[in-house]
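Down below is the structure, laid out as structure tokens.
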Amino acid sequence: MTALPAVGTGAPPRGDFESRAREASGGIVPLVPAAERDRRFPREAVALLGAAGLLRERWAAPDASLGVVLCEELGVAGASGVGLGVSVHAEAALSMLARFARTPLLRSVLEDALDGRNLVAVAASEAASGSDLAGIETVVSESGGGLTVRGQKRYVSLGVSADHLLVSCRSAVKSTESTTPRLSLVLVPRDDVKIEKQLETVGVRATETARVTIDARVPREAMLGRPGAGMLALSYGLTHERLATAALTIGTCRLALGLASAHLEGRRVRAEPLITRQAPRFLLAAHAAHVDVLRRSAHSLATMPLGSSRGMRDVAGLKVTAAQVGERVLSDCMHLFGGAGYLEDETPLARLWRDVRAARVGGGTDEMMLELVAGGLVPATEAYASMVRIPS
Ligand SMILES: Cc1cc2nc3c(=O)[nH]c(=O)nc-3n(C[C@H](O)[C@H](O)[C@H](O)COP(=O)(O)OP(=O)(O)OC[C@H]3O[C@@H](n4cnc5c(N)ncnc54)[C@H](O)[C@@H]3O)c2cc1C
């Protein structure tokens, strides 16, 4: 009996970046067990990516294709928990720094990050404003040529291991003209951040998430872009994170489908491999087809301008679809292993299933993604007038 066709072999070649990203991901995999146990992102992972030149090369590229390749490879290798931290740092944070950093301070942080020498987290969500970032209460004020940032952030991935946090904040003076505060982004050193609690997440345990309090005094140069222009930068960073999350999910699905196919090849029922039974065979085939469509879509979207409203909307549509398909694929692959799929020490399926579930929330929930997609719905008014005959 032949195995199911390999999922997604049709993406265009990207020189040797893909094979080097695969090799680096293979080097990150041995770091996963300790990171999961300690619930701490392994700094060696970004050091390894930096030393391999992958981060610098990724950000020298004109589009996000190499970011998609890297995150997908991390998923295929089984490093989805570390992949969350990589997607926050190397995609969300570095996209914002690469595009908006103008001051020597911010540029030097970016340069070090590209060599894998530092780690940057993104602190946006607060207790009362996760989905609604306009409700942010962390405040930045200016005095004596410096900035003071004060507030609390509810969920910060890499919150303990990062060197810096890109913090979203509003001006201390509330506008009388608008109820929506204009946000700014300020780079705050981790030393000025107090860890209130490391959170007990269901999955992605190889990247810690922390609740933090910020009370920082930083130079004026730590502000990213113009004061009040933070929402633009944050949307840009989140779009990169969402695309990376989709790629990571797609890679994890490819791994799970491959593992389930291999298991069903070897597992026999009445002397016949289980893969010959139509139910599991078609279940895997249907999932493989969906994942392949998502994969091609991710690679294609990566070449679009992600700062445009069309780019943000399309990436939101991809992210919500990948997250929902990913949850089903992982659950079914786990199921196809029978009891062993549910055992933490016999298969990695439970870990991968928990990791993939985070994609429905991280970087914006399914509903927030659908809200963005809904903004692009276009009524077919002319076709409606000519084709629909509903008596009034
Ligand atoms: C593991 C983990 C890591 C994270 N890492 C980070 C990080 O590094 N940086 C960061 O800034 N944040 C991070 N977050 C926060 C994450 O982005 C938020 O949890 C998420 O955006 C949802 O916000 P919330 O938790 O406040 O939920 P809420 O906004 O309270 O939403 C609750 C539910 O209501 C729905 N909902 C909310 N508003 C609407 C609406 N208008 N219409 C319809 N439905 C709605 C939501 O979709 C959701 O299902 C992380 C979260 C987790 C779990």
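First listed ligand is number 1; within each ligand, the first listed atom is number 1. Bear in mind the structure is a predicted one, so any value in this text is a computation, not a measurement.
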Checklist entry - Is there a nitrogen or oxygen of Ser125 sitting under 3.5 Å from a nitrogen or oxygen of ligand 1? => result yes
Checklist entry - With a 4.0 Å heavy-atom cut-off (strictly under), which part of Met368 contacts ligand 1: side chain, backbone, both or neither? => result side chain
Next on the checklist: Can you tell me if Glu327 has over 12 outside heavy atoms packed within less than 6.0 Å of its CD?
Outcome noted: yes
Checklist entry - Should Thr209 be counted as touching ligand 1, given the test is an N or O pair under 3.5 Å? => result no
Checklist entry - Ring centroid separation for His240 and Trp59, is it under 6.0 angstrom? => result yes
Item to check | Any N/O pair Ser129/ligand 1 closer than 3.5 Å | outcome: no
Checklist outcome for this item: For Ala124, the atoms of ligand 1 under 4.0 Å from one of its heavy atoms are 10 (C), 11 (O)
Item to check | Mode of Leu158 contact toward ligand 1 - side chain, backbone, both, neither (heavy atoms, under 4.0 Å) | outcome: neither
Next on the checklist: Is it the case that ligand 1 has an N or O less than 3.5 angstrom from some N or O of Glu126?
Outcome noted: no
Next on the checklist: Using salt bridge (Lys or Arg N to Asp or Glu O under 4.0 Å), reason through Glu72 and Arg254 one step at a time and then give a plain yes or no.
Outcome noted: CA-CA 9 Å; Glu72 189 181 345; Arg254 289 178 58 202; 2.5 Å; yes
Next on the checklist: So, 4.0 Å and heavy atoms of Val88: is ligand 1 close enough to count as a contact?
Outcome noted: no
Next on the checklist: So that I can tick it off, tell me whether Glu73 and Arg22 are bridged by a salt bridge, with the cut-off set at under 4.0 angstrom between side-chain N and carboxylate O.
Outcome noted: yes
Checklist entry - Residues two or more places apart in sequence or in another chain: which of them pass ring pair (Phe, Tyr, Trp, His ring centres under 6.0 Å) with Phe17? => result none
Checklist entry - Below 3.5 angstrom, do we get any N/O pair linking Val156 and ligand 1? => result no
